[in-house]
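No experiment lies behind these values; they were computed from the predicted model shown. Both counts, for ligands and for their atoms, begin at 1 and track the order of listing.
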Amino acid sequence: MTLTNIEAPADPTAARRLILALDAASRPINDSALDAALGLRIAQVEGRLNTLELLDRYGVQRFAQGDLSYAVVRSFYRAIGPEARRRPAPRVLDLGSGYGRFGFYGALRHGLTVHGLELVAERAAEAARAAAALGLKGLLSFEAGDMLAVAWPPAEIYCMMNSVLPDLLPPVLARLETEARGRRIVVASVSTSNRAFAAAGWLREIPITVEDPAARELRLWESI
Ligand SMILES: C[S@@+](CC[C@H](N)C(=O)[O-])C[C@H]1O[C@@H](n2cnc3c(N)ncnc32)[C@H](O)[C@@H]1O
């Protein structure tokens, strides 16, 4: 196996071995090859979606697929390594989960329980199908819904990877702040979302070292 020519794993054990090998290395990951190896049929699903219909269904939202590269996912799990090893194990809520890259990696690398909340129903359904095919249903769940409208299962780690339009960030932050009243939470963000988290007085940044240039915008925050 090379890191740029990934063979499809036949079973969950092979998938886990593949993620562990990629995690131990620092060479680039071929994103579409890894998606395919996990059984995610992204191009097929995206090919059936059209922007006008999504606008009609969901209104004005940031529904561009824009999946973050596995370089960011790998950097995220390296950065939260100490959190991931806490017991009881933290639960992850991925807000705007797309096809579940964060979930698959976290379940296979750390055995974490990850719930993905995704606006576009077809994406959530595809992630759930692939998770079931890999026997990961006990760890991974995906739900279609607007993160501002549906109930959130409790979690200790939240991925908020710039998935909503800027004017929806304040209500998302308000909900996260409410969650943080009951327990310590950690939030990961990238890009323009970082500004909103940096300005939140109830959060402080956790300093992290990110080696991969592709993930240089990744930031971690904890509630205080
Ligand atoms: C940039 S993608 C990130 C996907 C995933 N976290 C990843 O990195 O692979 C953002 C995702 O958030 C979803 N999204 C946008 N607004 C949302 C909302 N209000 N509620 C739930 N999901 C939303 C989009 O449909 C899109 O799939």
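- Protein heavy atom in closest approach to atom 13 (C) of ligand 1: E118 OE1, 3.3 Å.
- Distances between N or O atoms of F102 and those of ligand 1 include no value under 3.5 Å.
- No side-chain heavy atom of L139 sits less than 4.5 Å from a side-chain heavy atom of V114.
- When every heavy atom of L93 is checked against every heavy atom of P153, the shortest pair comes out as CD2-O, 4.0 Å.
- Note: no N/O pair closer than 3.5 Å links R101 and ligand 1 by distance alone.
- At the top of the distance list for atom 6 (N) of ligand 1, counting protein heavy atoms only, stands G96 O, 2.8 Å.
- Protein heavy atom nearest atom 1 (C) of ligand 1, with residue, atom name and distance: G66 O, 3.1 Å.
- Figure legend: cation-pi geometry between R74 and Y105 absent, as NZ or CZ is not positioned both under 6.0 Å from the six-membered ring centre and within 45° of its axis.
- With respect to atom 9 (O) of ligand 1, the closest heavy atom belonging to the protein is D67 OD1, 3.2 Å.
- Listed by number with element, the atoms of ligand 1 under 4.0 Å from a non-hydrogen atom of D146 are 18 (C), 19 (N), 20 (N).
- In this structure, R216 places its CZ atom where only 12 or fewer heavy-atom neighbours from other residues, nucleotides or ligands lie under 6.0 Å away.
- Ligand 1 places these atoms under 4.0 Å from at least one heavy atom of D94: 6 (N).
- Closest approach of F104 to L136, counting heavy atoms only: CD2-CD1, 4.1 Å.
- Counting atoms of ligand 1 from 1 in the listed order, those under 4.0 Å from a heavy atom of R62 are 14 (N), 15 (C), 16 (N), 24 (C).
- In terms of modelled atom types and a separation under 3.5 Å, the side chain of D94 and the main chain of G100 share no donor-acceptor contact.
- Taking the ring centroids of F63 and Y58, they lie at or beyond the 6.0 Å cut-off.
- Proximity to V120 (heavy-atom distance under 4.0 Å) selects the following atoms of ligand 1: 25 (O).
- Among all protein heavy atoms, the one lying closest to atom 20 (N) of ligand 1 is M147 N, 2.9 Å.
- The option with the heavy atom closest to atom 22 (N) of ligand 1, from among D35, L119, V73, is L119.
- Using a 4.0 Å cut-off between heavy atoms, L168 makes no contact with ligand 1 at all.
- Ligand 1 places these atoms under 4.0 Å from at least one heavy atom of G145: 20 (N), 21 (C).
- The protein heavy-atom contact nearest to atom 16 (N) of ligand 1 is S163 O, 3.4 Å.
- Looking at every heavy atom in both residues, R85 comes nearest to H110 through NH1-CE1, 4.3 Å.
- Proximity of A64 to ligand 1, defined as any heavy-atom pair under 4.0 Å, is confined to the backbone N, CA, C and O atoms.
- Contacts between Y99 and ligand 1, counted as non-hydrogen atom pairs separated by less than 4.0 Å, are absent for every part of the residue.
- E126 places a side-chain N or O within donor-acceptor distance of the main-chain N or O of R41, the cut-off being under 3.5 Å.
- Heavy-atom neighbours of E205 CD from other residues, nucleotides or ligands within 6.0 Å: above the threshold of 12.
- Residue contacts with ligand 1, taken as heavy atom pairs separated by less than 4.0 Å, involve Q65 solely via the backbone atoms N, CA, C and O.
- For the 3.5 Å distance criterion, the side chains of D146 and Q61 qualify, holding a donor opposite an acceptor.
- The contact set between ligand 1 and L68, taken as ligand atoms under 4.0 Å from a residue heavy atom, comprises 7 (C), 8 (O), 9 (O).
- Here the closest non-hydrogen pair linking V73 and L68 is CG2-O, 4.4 Å.
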